[in-house]
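Only one structure is covered here, and it is reproduced in the block below.
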Amino acid sequence: MGAFKSATSYLTFHTRKRREYVRITDQVADFVTGSGIEEGMVLVSAMHITAGVWVNDDEPGMIADADALLERLAPLGADYQHHRTGEDNGDAHLKSVLVHHQVVVPISGGRLDLGPWQQIFYCEFDGTRDKRLVLKAIGG
Amino acid sequence: MGAFKSATSYLTFHTRKRREYVRITDQVADFVTGSGIEEGMVLVSAMHITAGVWVNDDEPGMIADADALLERLAPLGADYQHHRTGEDNGDAHLKSVLVHHQVVVPISGGRLDLGPWQQIFYCEFDGTRDKRLVLKAIGG
Amino acid sequence: MGAFKSATSYLTFHTRKRREYVRITDQVADFVTGSGIEEGMVLVSAMHITAGVWVNDDEPGMIADADALLERLAPLGADYQHHRTGEDNGDAHLKSVLVHHQVVVPISGGRLDLGPWQQIFYCEFDGTRDKRLVLKAIGG
């Protein structure tokens, strides 16, 4: 029991490729350390509707497999109704829906309480431009 | 640092169509304002197992694309094992699993901390009857 | 308003089958009761990258339908790039991405604030070995 604490930060991305999977575990861990929160949760949430966040393996083959699955389910360049607005990123919206745009990571003893293989990734589905992600930690 | 606060509310839906995507950003924002929470998180979570919640674009074409994807992956009226119970909404359960039934939105400076295009939607997959969603805000 | 509280616990699974869907609502409810938290949230999060957590129906047909969908989208034994590392569980990583590895359940009046049909399941996609899940409750 005790006083409630919170902390907020924003990460910015500008990927070179249209789709890119960026490991951000270290940035989230540093943010949590800086927050002084011992017990709580940190929300890691994309602020764009053409991006996702997942916790999975830092293994290039697995990431290529996931990218191939998403491309199979919602291919780039298909004839999306969204494109009637002039946009060309209909696939990225659908990939965002399938992956989910956020995760919540527990904070225990002042640190991210992740399993041994769990890494946090920002999933860019429509990059080569500035995108943001919010980190929000709450606890005590 | 300071005292911990919380607030709870429930939204009710009764859609005219079986599948419908209802924007609820304003209701969630009003709820957060009323909570008096300056820094925290609000959970937006469907209380039924045939509904979802997502944060995405308020653009009818994109929503039609997502609906078409979900209908392709888990079509209405397919021969689901769930239907042996007498139910006919097996597709809606699967759509709920694929979309996820909840989002968490950060609260910063007393307001929803969303990106410029992010809108919160309740996704009804088996409507024309009363359904509920819970809003739970915590913070300080 | 009041003092902030938190509680942490870990569940361990060792399924007999490779894929198994284990209802854990009662364990999560007991954990919340023990935490003494009246208003807050509990995070239910797999600590492995080949597992998921969902809230859905405790109905074997529906679970079989979801398993069939996941197996159709990311079949066991397909030729995944991840398998070049010597692993054989590429499908399980993809199933985890599709299902999401966590849920957040609101706590109201000291109890899980779930809808009448909502049950929490641990979804094992690569079992027959020890796996862990973290429960983290915060509130007041």
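Convention: sequence-line order gives letters A, B, ...; per-chain numbering from 1. Note that the structure is a prediction, hence the values are computed from the model and not measured.
Once rounded to the nearest 0.5 Å, the distance linking CD of Q27(A) with CG of L133(A) reads 10.0 Å. Rounding to the nearest 0.5 Å places NZ of K131(A) at 12.0 Å from OG1 of T12(A). Rounding to the nearest 0.5 angstrom, the gap separating the CG atom in D67(B) from the CD atom in E20(B) is 11.0 Å.
Chain A forms the most heavy-atom pairs under 4.5 Å with one residue out of A66(B), A64(B), S108(B), and that residue is S108(B). Per-residue counts of heavy-atom pairs under 4.5 Å with chain A were compared for E38(B), R72(B), Q119(B), E39(B); the largest is that of E39(B). Most heavy-atom pairs under 4.5 Å with chain B: of the set I49(A), L43(A), L98(A), this distinction falls to I49(A). Here V103(B) is the residue among V105(B), V99(B), L114(B), V103(B) with the most heavy-atom pairs under 4.5 Å with chain A.
Using cut-offs of 30° and 60° on the angle between ring planes, the pair F125(B) and Y21(B) is perpendicular.
If you measure heavy-atom distances from A7(A) to chain B, you find no contacts under 4.5 Å at all. When heavy atoms are compared at a cutoff of 4.5 Å, E59(B) approaches chain A solely by way of its side chain, counted from C-beta outward. Only the side chain of W54(B) comes within less than 4.5 Å of a heavy atom in chain A; its backbone stays farther off. Neither the backbone nor the side chain of L70(B) comes within contact range of chain A, judged by heavy atoms closer than 4.5 Å. V134(A) touches chain B through its side chain: at least one heavy atom from C-beta onward sits under 4.5 Å away, while N, CA, C and O do not. With a 4.5 Å cut-off on non-hydrogen atoms, H93(A) touches chain B through its backbone and its side chain both.
Taking the side chain as every heavy atom from C-beta outward, R23(B) and I63(B) never approach each other to under 4.5 Å.
A salt bridge does not link K136(A) to D113(B): none of the charged side-chain nitrogens sits closer than 4.0 Å to a carboxylate oxygen. E71(B) and K95(B) are joined by a salt bridge, as a carboxylate oxygen and a charged side-chain nitrogen come within less than 4.0 angstrom of each other.
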